[in-house]
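This report concerns only the one structure given below.
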Number of protein chains: 2
Amino acid sequence: MKPIDEIDRKLLNELQVNSRITIRELSEKLHLSTTPIHERIKKLEKGGYIKQYVTLLDPKKFDKKLMVYISVSLRDHAKEAVEAFEQEIEQLDEVMECYYISGSSDFLLKVFCDDMDGFHDFITNKFSTIDNITQFYSSFVMYGSKVKYDFKL
Amino acid sequence: MKPIDEIDRKLLNELQVNSRITIRELSEKLHLSTTPIHERIKKLEKGGYIKQYVTLLDPKKFDKKLMVYISVSLRDHAKEAVEAFEQEIEQLDEVMECYYISGSSDFLLKVFCDDMDGFHDFITNKFSTIDNITQFYSSFVMYGSKVKYDFKL
DNA sequence: CGTGAAACTAAAATGAT
DNA sequence: ATCATTTTAGTTTCACG
């Protein structure tokens, strides 16, 4: 697909940090009428540049007070075994992100739990019942000093 | 602030996965008129339940083809030294997330770069110039088998 | 690719229950 | 706290430059 120009960049920079901005507001900020703004957004959606418009909640307001990164090592690294692991992870609501990584472990998981009791329950009753895990290491997040979702375009 | 009820939960579940949904659509899905939907959203925003409406882009479409997790160990763990490190990280556009964690390292960083050359440049010219870093370990993300931003409410 | 206006659709404010 | 209505604002399409 055709490359993105300066107007698209400005458009996306606004949308990244506020997805509920109106087309009117965007047209004023970019000094264009609403028509090209509307058409460009549709084009960027169809072209796959825009993946999703999401609402970020405050996890702590919903009792998700604990964020944990878990490094996981598997025993069997065959394609089927890895995919089976991924499918099991897919079922777990607590796992927000799961990445296949290079290095000393195989997967890195970002997990949200209510608290330590909830994490204990997650590990004993859900996570550690998954076969093919040889070992895992949990890093508890004490706080986030930087969290953003927008790229500098 | 007062607790969230079943209607708020449904509302937030819809908004989490599509922040550009209209109030009308929400009113149809929840079998309510637009007024309470509108008021509830405003209340959830003011109450801090809703943090931000963001647009997620496809990093690969913007040449951010490499995602790397970096575990960082610091030499000095005094409050001022840790805050100084955080402030340096704040300046780096490549760092999307930075967490202070428990365990064998101090910080975990999520970093996006164009490619290996870009990562090399980031490490040599930006990251490793930060004082107080004793060692760091990079895990390259080969792929994400699960990435979501919505909590099950 | 862009403008500007028309027609359509939705949001916000109001008063009533 | 919700509904029905009105007013205000935003979206979308189209003829045209």
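Small disclaimer: the values here were computed from a predicted structure and weren't measured.
Annotation: salt bridge (charged side-chain N to carboxylate O under 4.0 Å, His left out) contacts involving residues 132-143 of chain A, sequence neighbours excluded, are absent. Among residue pairs with one or both ends in residues 143-153 of chain B, those qualifying as salt bridge (charged side-chain N to carboxylate O under 4.0 Å, His left out) are A:Asp93-B:Lys152; sequence neighbours excluded. Residue pairs meeting the salt bridge (charged side-chain N to carboxylate O under 4.0 Å, His left out) criterion with at least one partner in residues 124-142 of chain A, sequence neighbours excluded, are A:Arg75-A:Asp131, A:Glu94-A:Lys126. Residues in residues 110-122 of chain A take part in these salt bridge (charged side-chain N to carboxylate O under 4.0 Å, His left out) pairs, two or more places apart or across chains: A:Lys64-A:Asp114, A:Glu97-A:Lys110, A:Lys110-B:Glu97.
In terms of the ring pair (Phe, Tyr, Trp, His ring centres under 6.0 Å) criterion, residue partners of B:Phe112 (sequence neighbours excluded) are, by chain and number, A:Phe151. Remark: A:Phe140 pairs with A:Phe119 by the ring pair (Phe, Tyr, Trp, His ring centres under 6.0 Å) rule, at least two apart or across chains. Residues satisfying the ring pair (Phe, Tyr, Trp, His ring centres under 6.0 Å) criterion with B:Tyr137, sequence neighbours excluded, are absent altogether. Residues satisfying the ring pair (Phe, Tyr, Trp, His ring centres under 6.0 Å) criterion with A:Phe62, sequence neighbours excluded, are B:Tyr49.
Rounded to whole Å, atom C1' of C:dC1 lies 12 Å from atom CG of A:Asp8. Between B:Glu39 atom CD and C:dG15 atom C1' the separation is 13 Å, expressed in whole Å. Distance A:His38 NE2 to C:dC1 P: 17 Å, rounded to the nearest Å.
Taking every nucleotide of DNA chain D with any atom under 4.0 Å from a non-hydrogen atom of chain A, the first and last of them, 5' to 3', are D:dG10 to D:dC14.
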Original post:
Can you give the dot-bracket line for DNA chain C, where a pair is Watson-Crick or G-U wobble with both atom distances under 3.5 Å, crossing pairs use [ ], and | marks a partner on another strand?
Top reply: .||||||||||||||||
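Only A:Ile23, A:Arg24, A:Thr34, A:Thr35, listed by number, bring a heavy atom of residues 23-37 of chain A to less than 4.0 angstrom from any atom of DNA chain D.
Counting only N and O atoms by type, the side chains of B:Tyr69 and A:Tyr99 include no donor and acceptor under 3.5 Å apart.
For A:Arg40, no side-chain nitrogen or oxygen approaches OP1 or OP2 of C:dC1 to under 4.0 Å.
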Side chains of residues 27-35 of chain B: which donor-acceptor pairs under 3.5 Å do they make with residues two or more places apart or in other chains?
from    : atom 1 : to      : atom 2 : distance (Å)
B:Ser27 : OG     : B:Arg24 : O      : 2.6
B:Lys29 : NZ     : B:Glu14 : OE1    : 3.2

